[in-house]
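Read through the structure below, which is laid out as C-alpha cells, and then see the notes.
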Amino acid sequence: ELALELIGVERRYQQGAKELVILDGADFTLQRGETVALVAPSGAGKSTLLHTAGLLERPDAGEVLLSGIPCSRLSDDKRTTIRRNEVGFVYQFHHLLPEFSALENIMLPQLVRGLGRAEAEERARQLLDYMKIGPRAEHRPAELSGGEQQRVAIARAVANAPLVLLADEPTGNLDPNTASYVFDAMEALVRHSGLAALIATHNHDLAARMDRRVTLRAGKIVEM
Ligand code: ADP
Ligand code: ADP
C-alpha cells in the first residue's frame with residue numbers, strides 16, 4: 001500500500017539571475033511500513049525533497065500524493081490539515097518548545113488536533129516509555145541530553161500517528177554511539193507503528209539498516 005508518491009516533481013529556486021534546478025522530474029514511491037534512507041551530499045536538495053514531500057513546500061510542477069490523495073493543487077488549509085494528520089517531521093536540532101516538559105511537547109500536537117488531555121497524555125507517556133525516557137517526562141528540553149532531546153522530538157513527530165515520518169539528519173548532531181542508539185529507537189518505533197519513513201542521513205552505517213537507499217542525481221531520485 002502506497003504511503004507517499006512523487007510523480008515528476010520539479011522544484012527550482014531563483015538565485016539572482018541564476019535558476020537553481022533542485023528537483024527535475026523526481027519520481028519516488030514509499031510503501032506503508034517501509035524505511036528508506038536518503039543519502040546525498042549537502043546542497044543536493046534533501047531538505048527541499050523532504051519539505052516538498054511533507055507539504056511544507058509546493059512543487060513547481062508534478063504531483064505529491066499522500067495516502068493516494070494528490071496534494072499539489074489543494075488549498076493551503078487542506079494541505080495543512082493533511083500534513084498535521086499524515087506527516088511527522090524530525091530535524092537535526094530538536095526544535096522542542098523550551099518552556100514545556102518532554103511530556104507536554106509530545107502532547108501539544110495531539111491537543112492542536114483536538115484530542116482530549118487525558119488521551120493525549122496517555123499516548124505521550126506510552127511514547128516516552130517506548131523511547132526509554134519515561135522517567136524524563138517532566139523535564140524541560142534543557143535538562144535532557146542531546147540523545148534524549150532527539151528521542152522526545154521523534155516521539156513528538158509520531159504523536160498523531162502519521163502515515164509518513166520525514167527525518168532530516170535526525171542524528172546528525174549526536175556522537176556516534178548516541179546516534180546509533182537514537183537511530184535504533186527511532187527504527188523500532190517506526191517499525192512498531194507500521195510507519196513509512198524517509199530519513200536523510202550522511203551516515204552510511206545507519207543507511208545500511210534501512211530497507212532501501214536512494215540518492216539525488218541531477219534532480220532525480222535514484223536507487224543506490
Ligand atoms: P540539502 O538539504 O541537501 O543540503 P537543500 O534542499 O537545503 O539541500 O538545498 C538545495 C539547494 O537549494 C542549495 O543550493 C540551497 O542553497 C538552495 N536553496 C534551498 N532553499 C532555497 C530557497 N528558499 N531559495 C533559494 N535557494 C534555496
Ligand atoms: P545520552 O547518551 O542519552 O545522550 P548523556 O550521556 O549525554 O545521555 O547524559 C547522561 C545523563 O545525564 C542523561 O540521563 C541525561 O538526562 C542527564 N543530563 C544531561 N544533561 C543534563 C542537564 N543539563 N540537566 C539534567 N540532566 C542532564
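Predicted, not measured: the structure shown is a model, and the values here were computed from it. In listed order, ligands and their atoms are each counted from 1.
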**Request:** Quick one: closest heavy-atom pair of Met107 and Ala124, and the distance?
**Result:** CG-CB, 3.8 Å
**Prompt:** Do Ser72 and Glu63 get their side chains close enough for a donor-acceptor pair, meaning under 3.5 Å?
**Reply:** yes
**Request:** Could you name the protein residues that come within less than 4.0 Å of ligand 1, counting only heavy atoms, and order them by chain and residue number?
**Result:** Tyr13, Gln15, Leu20, Ile22, Pro41, Ser42, Gly43, Ala44, Gly45, Lys46, Ser47, Thr48
**Message:** Test: ring pair (Phe, Tyr, Trp, His ring centres under 6.0 Å). Region: residues 108-131. Which pairs qualify, not counting sequence neighbours?
**Reply:** Tyr130-His192
**Message:** For a quick check under 3.5 Å, do Ser145 and Arg136 share a side-chain donor-acceptor pair by atom type?
**Reply:** no
**Fill in**
CD1 of Ile133 to CG of Leu144, rounded to nearest 0.5 Å, is 7.0 Å
**Request:** List the steps, then state whether side-chain contact (heavy atoms from CB on, under 4.5 Å) holds for Glu121 with Leu103.
**Result:** CA-CA 7 Å; Glu121 178 170 343; Leu103 182 75; 4.0 Å; yes
